[in-house]
Amino acid sequence: MAKYNWAIKGIIFMIVIWLIIYIGIPLFDDTKPMEPEKNIINLIIAIPAGVAFGWYRYKFLKEKLEKRKEN
């Protein structure tokens, strides 16, 4: 499970972003209705986007940085 830690971090990051956008902001802004159930498709899209973000941020960039440090 430790070798897929980057995917879990990315998914959690995207779910937190979804929560902030569709639940957090409408709590403080009266002009936006609080209807997160209408945006479930965005949550479904957030999961593969989170995997892609996690791979890029925690795996690809880390390996690229290590190669630069070696040179």
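Every value quoted in this text rests on a predicted model; they were computed, and no experiment measured them.
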Got Lys38 and Glu35 here, is their nearest side-chain heavy-atom distance under 4.5 Å?
->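 Lys38 vs Glu35: side chains touch.
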Rounded at 0.5 Å granularity, tell me how far [atom1] in [X] sits from [atom2] in [Y].
X: Lys59; Y: Asn5; atom1: NZ; atom2: CG; answer: 11.5 Å
X: Ile23; Y: Asn39; atom1: CD1; atom2: CG; answer: 9.5 Å
X: Asn42; Y: Ile40; atom1: CG; atom2: CD1; answer: 9.0 Å

Report whether [X] and [Y] are members of the same hydrophobic cluster (ILVMFWY, side-chain heavy atoms less than 4.5 Å apart, transitive linking).
X: Phe60; Y: Val51; value: yes
X: Tyr22; Y: Leu27; value: yes
X: Val16; Y: Ile41; value: no
X: Ile12; Y: Ile20; value: yes
X: Trp55; Y: Phe13; value: yes

Shortest non-hydrogen separation from Ile21 to Ile25 and the atoms involved =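 Taking Ile21 first and Ile25 second, the nearest heavy atoms are O-CB, 3.9 Å.
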Looking at Ile11 and Ile47, what are the two nearest heavy atoms and their distance?
->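 In this case the closest contact between Ile11 and Ile47 is CG1-O, 3.8 Å.
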Do Glu66 and Lys69 sit within salt-bridge range, that is, some charged N less than 4.0 Å from a carboxylate O?
->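 The answer is no: the pair does not qualify as a salt bridge.
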Between Phe53 and Tyr58, what is the ring plane arrangement, given parallel below 30°, perpendicular above 60°, and tilted in between?
->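 Ring orientation of Phe53 relative to Tyr58: perpendicular.
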Which word best sums up how the rings of Trp6 and Tyr4 line up, parallel for under 30°, tilted for 30 to 60°, or perpendicular for over 60°?
->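 Ring orientation of Trp6 relative to Tyr4: tilted.
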Output yes when a side-chain donor or acceptor of Trp18 lies under 3.5 Å from a complementary backbone atom of Ile44, and no otherwise.
->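 The answer is no, because no donor-acceptor pair under 3.5 Å joins these two groups.
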